[in-house]
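As the structure lists them, so they are numbered: ligands from 1, and atoms in each ligand from 1. All values below were derived from every heavy atom in this structure, side-chain atoms included, with hydrogens, water molecules and symmetry-related copies excluded. In this text, all values refer to a predicted model and were calculated from it rather than measured experimentally.
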Amino acid sequence: MEFGLQKEGLSKDEVMSLLDWARKRDLPYSRILSSMCTDPHPIAVEAHVKFIEANLGDAGLFPGTKCIECKVVRMLGSILGNPDAVGYITTGGTESNIQGIRSARNMAKRKHPNIIVSESGHFSFDKIADILQVEVRKASLDENFMVDLGSVEDLVDENTAAIVGIAGTTEFGQIDPIEGLSNIAQKEGIFLHIDAAFGGFVIPFLEKEYKFGFEVDGVTSISIDPHKMGMSTIPAGGLLFREKRFLKGLSISTPYLSTKAQYSLTGTRSGGAAVATYAVLMHLGYDGLKKSALRCVNMAKMLVDRVENFGVYPIVDPIMNVLALDVPKIEKVLLMLLVRGWRVSVTRKPRALRLVIMPHTTEENLNLFIEDLKEIVKNC
Ligand SMILES: *Cc1c(COP(=O)(O)O)cnc(C)c1O
């Protein structure tokens with residue numbers, strides 16, 4: 001039934017009842033093991049609502065909100081090895097990747113620009129190929145599902161504008177050898193964009209140290225998503241550059257606004273999500289973020305230990321809270337999990353059961369999931 005816009009408005013109660021009706025069909029996060037998004041932290045929601053009308057697209061009118069955004073960028077920079085990094089709060093990993101590559105493309109000035117990203121790159125890079133008219137060359141993966149450095153070297157040529165390294169792949173949760181990519185990028189004098197949309201809020205807190213941020217010399221820009229493991233509200237992504245000069249590749253002059261230039265992709269943009277991110281980071285601090293990330297990582301490890309007992313093994317040793325499990329008769333397992341109310345996903349190559357353990361996952365629900373999976377696998 002589609003009615004279009006009503007001639008006469010409804011009462012607030014009537015509208016709310018329509019919203020409740022729609023909401024009932026939405027899935028609560030509790031049984032979702034496929035999403036990299038999660039319930040926002042309550043303080044993020046409160047902060048977002050307080051700044052609901054703030055438009056960072058016209059920052060001269062909202063200097064208070066702008067100042068908070070700068071502080072968020074500084075905090076993200078400090079998580080990523082350079083508190084002096086510059087950037088802004090985007091709508092998410094997709095915009096951050098588009099803009100990181102746009103800056104590199106514009107500054108590198110290649111005749112027929114190409115970029116190199118691994119086969120397990122996020123699909124935002126396929127949008128980038130289309131929007132930015134750059135050729136996206138896919139490097140192959142090694143046996144650990146990380147980018148193969150030899151393959152990257154083979155693909156680089158005089159038209160390469162940037163290499164992309166992924167710190168926390170969407171499908172396997174693996175971390176590309178960023179230092180190796182940095183060596184190639186520096187030797188060739190090209191940009192190195194790190195997609196840490198998911199891993200940015202996990203990898204810095206792991207027991208084992210992985211160098212993936214600005215502490216690696218060749219890294220020029222990084223995506224990191226507060227609306228995933230940062231527990232901010234949607235839409236909150238982060239795009240950071242090592243130095244201010246990289247913003248030149250994005251600058252567009254803005255007549256009739258309170259500011260002279262704009263670096264963002266969108267015009268009008270949410271101040272609420274930037275402030276929500278600030279609220280979470282200030283409230284949790286380094287220790288709180290670490291605790292939340294490690295809770296997810298440890299639950300993922302626990303899940304692996306438990307499923308190994310009934311013959312299900314990860315296709316690659318998990319580093320973070322993203323798992324790819326080799327299950328028999330995967331299509332049947334996926335269906336049977338679905339009818340039991342679980343939302344899981346599947347990797348492309350090879351097809352494996354993909355699980356993301358997020359802050360909304362409770363140990364109780366994870367136990368229920370493991371029991372269900374055990375039964376389903378036994379009947380396969
Ligand atoms: C989630 C994700 C993205 C896309 O982020 P959106 O916020 O959905 O636009 C890009 N890259 C990686 C590695 C991701 O995990």
Can you confirm whether Lys138 sits close enough to Val117 that some side-chain heavy atom of one is under 4.5 Å from a side-chain heavy atom of the other? yes
Does any N or O atom in Ser124 lie less than 3.5 angstrom from one in ligand 1, N or O only? no
Going by distance alone, is a donor N or O of one side chain under 3.5 Å from an acceptor N or O of the other, for Asn97 and Ser124? yes
Atoms of ligand 1 less than 4.0 Å from Thr94 heavy atoms? 4 (C), 5 (O), 6 (P), 9 (O)
Hey, looking at atom 15 (O) of ligand 1, which of His122, Lys228, Lys127 has the closest heavy atom? Lys228
Of the backbone atoms (N, CA, C, O) and the side-chain heavy atoms from C-beta on, which set of Thr91 has a member under 4.0 Å from an atom of ligand 1: side chain, backbone, both, or neither? neither
Indicate, as side chain, backbone, both or neither, the part of Glu95 found under 4.0 angstrom from ligand 1 when only non-hydrogen atoms are considered. neither
Under 4.0 Å from one or more heavy atoms of Ala197, ligand 1 contributes atoms 2 (C), 3 (C), 10 (C), 11 (N), 12 (C), 14 (C)
Name all residues meeting the side-chain hydrogen bond (donor to acceptor under 3.5 Å, both in side chains) criterion together with Ser345; count only those two or more places apart in sequence or in a different chain, and write none if there are none. Arg354
If you measure from the Lys or Arg side-chain nitrogens to the Asp or Glu carboxylate oxygens, is any gap between Glu331 and Lys329 under 4.0 Å? no
Ligand 1 to Asn97, heavy atom cutoff 4.0 Å, flagged ligand atoms 10 (C), 11 (N)
Among non-hydrogen protein atoms, atom 11 (N) of ligand 1 lies closest to Asp195 OD2, 2.6 Å
Among the heavy atoms of Gly168, does any lie under 4.0 Å from an atom of ligand 1? yes
Thr170 versus His122, side-chain donor and acceptor atoms under 3.5 Å: no
Under a 4.0 Å N-O cut-off, is there an ion pair linking Asp26 with Arg23? yes
Give, for atom CD of Gln262 and atom CG of Leu247, the distance between the pair rounded to the nearest 0.5 Å. 12.5 Å
Side chain, backbone, both or neither: which part of Thr169 has a heavy atom under 4.0 Å from ligand 1? neither
Which residue owns the protein heavy atom closest to atom 6 (P) of ligand 1, what's the atom, and how far is it? Gly93 N, 3.4 Å
Please check if any side-chain donor atom of Thr277 sits under 3.5 Å from a side-chain acceptor atom of Ser232, or the reverse. yes
Taking only heavy atoms of Gly92 into account, list the atoms of ligand 1 that are under 4.0 Å away from them. 7 (O), 9 (O)
Residue Asp225 vicinity, atoms of ligand 1 by number, heavy atom under 4.0 Å: 5 (O), 6 (P), 7 (O)
I'd like to check which ligand 1 atoms, numbered from 1 as shown, lie under 4.0 Å from a non-hydrogen atom of Met36. 15 (O)
Any donor-acceptor N or O pair under 3.5 Å, side chains Asn367, Arg306: yes
